[in-house]
Peer 1: 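Before I ask anything, here is the structure I am working with.
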Number of protein chains: 2
Amino acid sequence: MLLKIDMSSSEPIYTQIRDQIILGIAAGELRLGESLPSVRQFAEDVGINMMTVSKGYNLLKEEGYIEIDRRNGAKVKKKIASDPVFKEQAQKKLRLLLAELAVHELTPFEIQQIGEEILSEFQTKKERGE
Amino acid sequence: MLLKIDMSSSEPIYTQIRDQIILGIAAGELRLGESLPSVRQFAEDVGINMMTVSKGYNLLKEEGYIEIDRRNGAKVKKKIASDPVFKEQAQKKLRLLLAELAVHELTPFEIQQIGEEILSEFQTKKERGE
DNA sequence: CTATTTGTATTATATCATATAATACAAATA
DNA sequence: TATTTGTATTATATGATATAATACAAATAG
């Protein structure tokens with residue numbers, strides 16, 4: 001799994017790490033239970049600070065995507081269950097995003113089209129990788 | 001159109017303003033061409049600084065949602081067209097959000113169900129308000 | 001013309017988020 | 001025992017966010 005960090009982005013590095021790992025899981029590039037690189041390895045590869053990677057990993061841990069311990073490092077969880085708190089927050093984000101799209105003269109049909117494309121993209125990537 | 005600012009949120013006030021105005025437009029609470037409150041009025045009503053409101057308005061202006069001039073104040077644009085840049089950025093955000101949902105054991109069907117609900121909520125609110 | 005109402009610019013201040021750097025520590029393993 | 005994990009600590013730097021108090025520019029209403 002290759003990670004690209006955009007140093008010129010206003011998006012914080014540790015959230016870039018978070019986002020790409022989640023996208024990686026959804027697309028099957030990272031499988032459930034799979035190990036992530038050590039924070040030192042990751043930091044060296046990408047050319048950033050160790051603690052920034054640690055911060056990204058900890059965010060993923062708090063959000064329930066990965067588990068971390070000293071002996072085994074960081075691994076993608078085997079079961080990432082949807083709790084009510086997550087679902088509500090995600091719905092809020094989705095509401096805003098759909099509002100933006102709707103306001104930009106995109107029809108509900110077009111919006112659903114885009115959503116379907118993305119979801120099927122995850123599906124095909126997963127099928128190819130497994 | 002009533003605006004609620006959460007002072008305890010980590011979300012910046014000026015983006016809270018932005019988000020709620022976009023949601024207001026999508027739901028028809030704010031109509032195309034309608035005037036927004038003056039920055040002073042807004043600031044006084046909500047109990048925040050004038051320049052924070054100005055910052056929110058300017059963000060909306062840069063993103064193409066409203067237009068501002070000294071004589072008439074701020075108004076929702078009459079045509080909010082979707083340019084390619086916006087569409088690409090929105091698609092990126094949607095990709096991440098759908099990835100989060102998919103990883104949380106939500107099926108494509110359930111995800112689309114949620115999306116449909118939100119879109120039809122906008123629609124009904126609009127129909128009632130007009 | 002004058003007073004009022006727009007948004008904006010300026011300057012200063014305060015707080016927090018982000019990121020780096022250089023070490024040091026704790027825990028487990030080979 | 002040496003190595004590899006993640007973590008903690010302290011310091012530093014930069015930028016974002018928000019407020020405060022004025023002042024200015026542009027247009028309108030009286």
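Residue numbers begin at 1 in each chain, while the letters A, B, ... track the order of the sequences. Everything numeric in this text was worked out from a predicted model, so none of it was measured.
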Peer 1: Minimum heavy-atom separation for B/L101 and A/A90, please, with both atom names.
Peer 2: CD2-CB, 3.9 Å
Peer 1: Angle between ring planes, B/H104 versus A/Y65, binned at 30° and 60°: parallel, tilted or perpendicular?
Peer 2: perpendicular
Peer 1: Under 4.5 Å between side-chain heavy atoms, hopping through other hydrophobics if needed: is there a path connecting B/I68 to B/M50?
Peer 2: yes
Peer 1: Would you say B/K77 and B/I25 make side-chain contact, with heavy atoms under 4.5 Å?
Peer 2: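 B/K77 does not reach B/I25 side chain to side chain.
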Peer 1: Please report the closest heavy-atom contact between B/L98 and A/G115, naming both atoms and the distance.
Peer 2: CD1-O, 3.9 Å
Peer 1: Kindly state which residues belonging to residues 49-72 of chain B come within less than 4.0 angstrom of DNA chain D, counting heavy atoms of the residue only, listed by number.
Peer 2: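 Correct list: B/N49, B/M50, B/T52, B/K55, B/R70, B/R71.
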Peer 1: Go through DNA chain D in 5' to 3' direction and return only the first and the last nucleotide with some atom under 4.0 Å of chain B's heavy atoms.
Peer 2: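 From 5' to 3', the first and last contacting nucleotides are D/dT17 to D/dA27.
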Peer 1: Contact between A/E116 and A/L119 at the side-chain level, heavy atoms closer than 4.5 Å - yes or no?
Peer 2: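 Contact flag for A/E116/A/L119 side chains = no.
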Peer 1: If you round to the nearest 0.5 Å, how far is CD1 of A/I111 from CD of A/Q113?
Peer 2: 11.5 Å
Peer 1: For A/D69 versus A/N72, what's the shortest heavy-atom pair and its separation?
Peer 2: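 Closest heavy-atom pair between A/D69 and A/N72: OD1-N, 3.0 Å.
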Peer 1: Mind calculating the distance between CD1 (B/I13) and P (C/dT15) to the nearest angstrom?
Peer 2: 16 Å
Peer 1: Let me know, please, whether B/L36 or B/S10 comes out on the 5' side of the other along DNA chain C by nearest nucleotide.
Peer 2: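 Nearest nucleotide further toward 5': that of B/L36.
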Peer 1: Does any N or O in the side chain of B/E105 come within less than 3.5 Å of the main-chain N or O of A/S82, such that one atom is a donor and the other an acceptor?
Peer 2: no
Peer 1: Quick one: does A/K93's side chain get under 4.5 Å of B/E100's, heavy atoms only?
Peer 2: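 A side-chain contact exists here, since the closest heavy-atom pair is under 4.5 Å.
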Peer 1: How does DNA chain D read in dot-bracket, base by base from 5' to 3', with Watson-Crick or G-U pairs under 3.5 Å and | used when the partner is on another strand?
Peer 2: ||||||||||||||||||||||||||||||
Peer 1: Identify, between B/R40 and B/G47, the residue whose nearest nucleotide on DNA chain D lies closer to the 5' end.
Peer 2: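 Its nearest nucleotide being more 5', the pick is B/G47.
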